[in-house]
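Worksheet for the structure shown next.
In what follows, chains are A, B, ... by sequence order, proteins preceding strands, each numbered from 1. Just so it is clear, the values below take in all heavy atoms, side chains as well, and ignore hydrogens, waters and symmetry mates.
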There are 2 protein chains.
Amino acid sequence: MENSQVNCKIEKEKLGELAEYLKIISDENRLKILCLLKHGERCVCEIHETLNLPQNLTSHHLKILREAELVIARREGKWVHYRLNDEKISYLTELYREIVLGG
Amino acid sequence: MENSQVNCKIEKEKLGELAEYLKIISDENRLKILCLLKHGERCVCEIHETLNLPQNLTSHHLKILREAELVIARREGKWVHYRLNDEKISYLTELYREIVLGG
DNA sequence: ATATTATATCAATACCTATTGATATAATAT
DNA sequence: ATATTATATCAATAGGTATTGATATAATAT
């Protein structure tokens, strides 16, 4: 009972979740943001200045990352600090490993 | 000399390569194809029948995967058999690990 | 040669999304 | 209150791409 159709059916529900994740992180600017946040929490202005992205574009990408729960926002006064959601990223990385790599 | 800007500059050249890979595999149908090919070489008709995709659409996605060198084609008579390019996928997975996960 | 099967390409559509410029909101300071 | 700084949203545009239907190519068989 271990054929590829069965396997693909089992993984099918997770496939959409993985595809959505991959789509979100397949943007160069969003990858840069994630890469930057690996080194710790950053506010929006730090992100857009460091990466040389317009403020509104940075905000836009952060919204997408935030809605996908890949990053977590924390307001402190005027500033909004963003950090990685490590658990979510770990979970989705495991999904990638499961679906794309070994069974 | 170990700040995020420097790191991101080092990784910058690889970032485009990773983004392209992620964009290609962020399509559900292409993920299904890769998932199917994990179990071994398949010809186009097997792929499109197993996954219930139109023949031309299957061919289209295979072309994208082939041009990205994620799969390798081998003609045998009327049939064209596709298989995973494990080395390329391993390389790009390592890139993902480097850039998105640990430094 | 013609027919059949397998695969690829082409053209058109329809949808999605990154980017930009302008504007709005939110918090603080004066 | 007004001003300033930080962030978010909105509208419009431009470019990309998944899908479909029709057609072409490639290999084999009759």
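Atom C1' of nucleotide C/dC16 and atom CD of A/Glu20 are separated by 14 Å, given to the nearest angstrom. Taking atom CD1 on A/Ile25 and atom C1' on C/dT17, their separation rounds to 17 Å, with Å as the unit. Rounded to whole angstrom, the span from the NZ atom of A/Lys23 across to the C1' atom of C/dT17 amounts to 11 Å. For the pair B/Glu28 CD and D/dT17 C1', the interatomic distance rounds to 15 Å; values are reported in whole Å. Spacing between atom CD1 of A/Ile64 and atom C1' of D/dA8 amounts to 13 Å, rounded to whole angstrom units. D/dT19 atom C1' lies 15 Å from atom NZ of B/Lys63, rounded to whole Å. In this entry the distance linking CZ of B/Arg66 with P of C/dT7 reads 12 Å, nearest Å. Atom P of nucleotide D/dT19 and atom CG of B/Leu51 are separated by 12 Å, given to the nearest angstrom.
Side-chain contact between B/Val80 and B/Tyr82 is present, with at least one heavy-atom pair separated by less than 4.5 Å. Contact of the A/Arg42 side chain with the A/Leu37 side chain is registered, since non-hydrogen atoms from C-beta on lie closer than 4.5 Å.
Considering only side-chain N and O atoms, A/Arg75 lies nowhere under 4.0 angstrom from the phosphate OP1 or OP2 of D/dA6. B/Tyr82 has a side-chain polar atom (N or O) that falls below the 4.0 Å cut-off from OP1 or OP2 of C/dA8. Taking only side-chain nitrogens and oxygens, B/His60 never comes nearer than 4.0 Å to OP1 or OP2 of C/dT9.
Between the side chains of A/Tyr21 and A/Glu69, no donor N or O sits under 3.5 Å from an acceptor N or O.
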Open item on the list: Using salt bridge (charged side-chain N to carboxylate O under 4.0 Å, His left out), reason through A/Lys23 and A/Glu20 one step at a time and then give a plain yes or no.
Closed with: CA-CA 5 Å; A/Lys23 196 155 291 167; A/Glu20 192 198 341; over 6 Å; no
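When heavy atoms are screened at a 4.0 angstrom cut-off, A/His61 is found touching the sugar-phosphate backbone but no base atom. B/Asn56 comes within 4.0 angstrom of a nucleotide base, judged by non-hydrogen atoms across all strands. A/Leu53 comes within 4.0 angstrom of nothing in the nucleic acid, heavy atoms only.
Both B/Leu95 and B/Ile24 belong to a single network of hydrophobic side chains, linked directly or stepwise wherever heavy atoms of I, L, V, M, F, W or Y lie under 4.5 Å apart.
With distances taken from any side-chain atom of B/Cys43 to the nucleotides D/dT19, C/dT7, D/dA8, the minimum falls on C/dT7. For B/Val80, taking side-chain heavy atoms from C-beta onward, the closest of the listed nucleotides C/dT20, C/dA8, D/dT7 is C/dA8. The side chain of B/Lys78 lies closest to C/dT5 when the candidates are D/dT7, C/dT5, C/dA18. Of the candidates C/dT9, D/dT19, D/dT7, the closest approach to any side-chain atom of A/Ser59 belongs to D/dT7.
Here CG of B/Leu92 is found 8.5 Å from CG of B/Leu22. Values are rounded to the nearest 0.5 Å.
Of the nucleotides present, C/dA12 is the one that pairs with D/dT19 by Watson-Crick or G-U wobble criteria, both distances under 3.5 Å. Remark: D/dT28 base-pairs with C/dA3; criterion is Watson-Crick or G-U wobble with both hydrogen-bond distances under 3.5 Å.
The 5' end of DNA chain D is approached more closely, in terms of each residue's nearest nucleotide, by A/Trp79 than by the other of A/Trp79 and A/Leu57.
Side-chain N/O atoms of B/Gln55 and base N/O atoms of C/dA6 include no donor-acceptor pair closer than 3.5 Å.
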